[in-house]
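In listed order, ligands and their atoms are each counted from 1. The figures that follow rest on heavy atoms only: side chains count, while hydrogens, waters and symmetry mates do not.
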Amino acid sequence: MEVRLLEATEDPERTICTAARNDYMAEFVGDCSFEEVMESIDGDTIDEKQETLIGHLLDHGHFGPFEHAQATFAVKGISRSCMAQITRHRHVSFDVQSMRYVSFDDVDPEAVREGELVVTPPSASDPDWVGRNQKTGQVDEDAVERRQAVFDDAVANAVESYQELLELGMPPEDARFVLPIGTEVNMVMSMNARMLMHVADMRAAADAQWEIRQMTEAILDLAADWCPKTFAYYEEHMKNRKNRLAP
Ligand SMILES: Cc1cc2nc3c(=O)[nH]c(=O)nc-3n(C[C@H](O)[C@H](O)[C@H](O)COP(=O)(O)OP(=O)(O)OC[C@H]3O[C@@H](n4cnc5c(N)ncnc54)[C@H](O)[C@@H]3O)c2cc1C
């Protein structure tokens, strides 16, 4: 999996602060410099003032201003399962690589056995991995080795069948039905900073599945560079809190 920041609001925290200050100013923010907009906020420097205001907004649940800062991420090589989870978030915009137009006719099924094209969950090879609703059984080395072999055979066979169906003239949009839910997909998604915090609340949490958690942590790392004061506050005061519903 790879996650990159493609595009984002330039100086997002200036935009967030200006939007928030608009609510409490008699003057029109469009006519004011940023220094004037931030004049009444505590802090010696404009940076400190932004920190004060952003902390205050997040602390008081005034989340609307965070909707004005938007970021677009490109995600490479997540499973269709992970894609189904993240696309449940209705205020995120998506473009998902199409299996109707992209056929995997040149992928070597042996390479699939080595982990290409289909995401291999850590539990296929890690004896200590514990996932949700796992049937507890004896996890000895032989069982784990067997798990990996069963998994690799199943995905390689599925890809072989898919390619055979293409050769037999089946359209990719129908042949894809035999491909596993772990099949890799690339995706572009855009969301605002408020929604990013909401996605992180739900998907970076301990009860989320390892793959979407990994993707969300990568997004949070990028967000920390893009919108630093907001996501530093989020990390310190908000992440992993209880009763997260909709920041
Ligand atoms: C650990 C975990 C397990 C899950 N298991 C399942 C499962 O087994 N089956 C399943 O179907 N889903 C499952 N989900 C998905 C989950 O139920 C949500 O559909 C998904 O996370 C989208 O989040 P959201 O509801 O906050 O909505 P989002 O689309 O992210 O919307 C953000 C917020 O906007 C508000 N909102 C948006 N639309 C509406 C609306 N129509 N009405 C009222 N308020 C709205 C809500 O406050 C919402 O929280 C799971 C999620 C997690 C994190």
- Item | H89 N/O to ligand 1 N/O under 3.5 Å | yes
- Message: On a heavy-atom basis, I'd like to know which of H198, R90, R88, R194 is closest to atom 32 (C) of ligand 1.
- Response: H198
- Check each atom of ligand 1 against the heavy atoms of M202 and keep those under 4.0 Å away; list them by number with element. 21 (O), 23 (O), 26 (O), 53 (C)
- For D153, the side-chain hydrogen bond (donor to acceptor under 3.5 Å, both in side chains) test, sequence neighbours excluded, returns R113
- Task: Would you sort out whether R147 and E145 count as a salt bridge (Lys or Arg N to Asp or Glu O under 4.0 Å), showing the intermediate values?
- Result: CA-CA 5 Å; R147 253 193 232 169; E145 234 172 75; over 6 Å; no
- Task: Run the contact test for Q209 against ligand 1 with a 4.0 Å cut-off on heavy atoms, strictly below, and give the result.
- Result: no
- Message: With a 4.5 Å cut-off on side-chain heavy-atom distances among I, L, V, M, F, W and Y, is there a chain of contacts connecting F94 to M195?
- Response: yes
- Message: Closer than 4.0 angstrom, basic N to acidic O: yes or no for E51 and K229?
- Response: no
- Looking at M195, which atoms of ligand 1 are within less than 4.0 Å of one of its heavy atoms? 30 (O)
- side chain to side chain contact (heavy atoms under 4.5 Å, CB included) against S79, all qualifying residues, sequence neighbours excluded: S81, C82, V119, E211
- Heavy-atom contacts under 4.0 Å between Q85 and ligand 1: side chain, backbone, both, or neither? neither
- Task: Is it possible for you to say whether V188 and M99 belong to one hydrophobic cluster, with membership spreading through side-chain heavy-atom contacts below 4.5 Å?
- Result: no
- Option nearest atom 15 (C) of ligand 1 (shortest heavy-atom distance, choices H91, R203, R213): R203
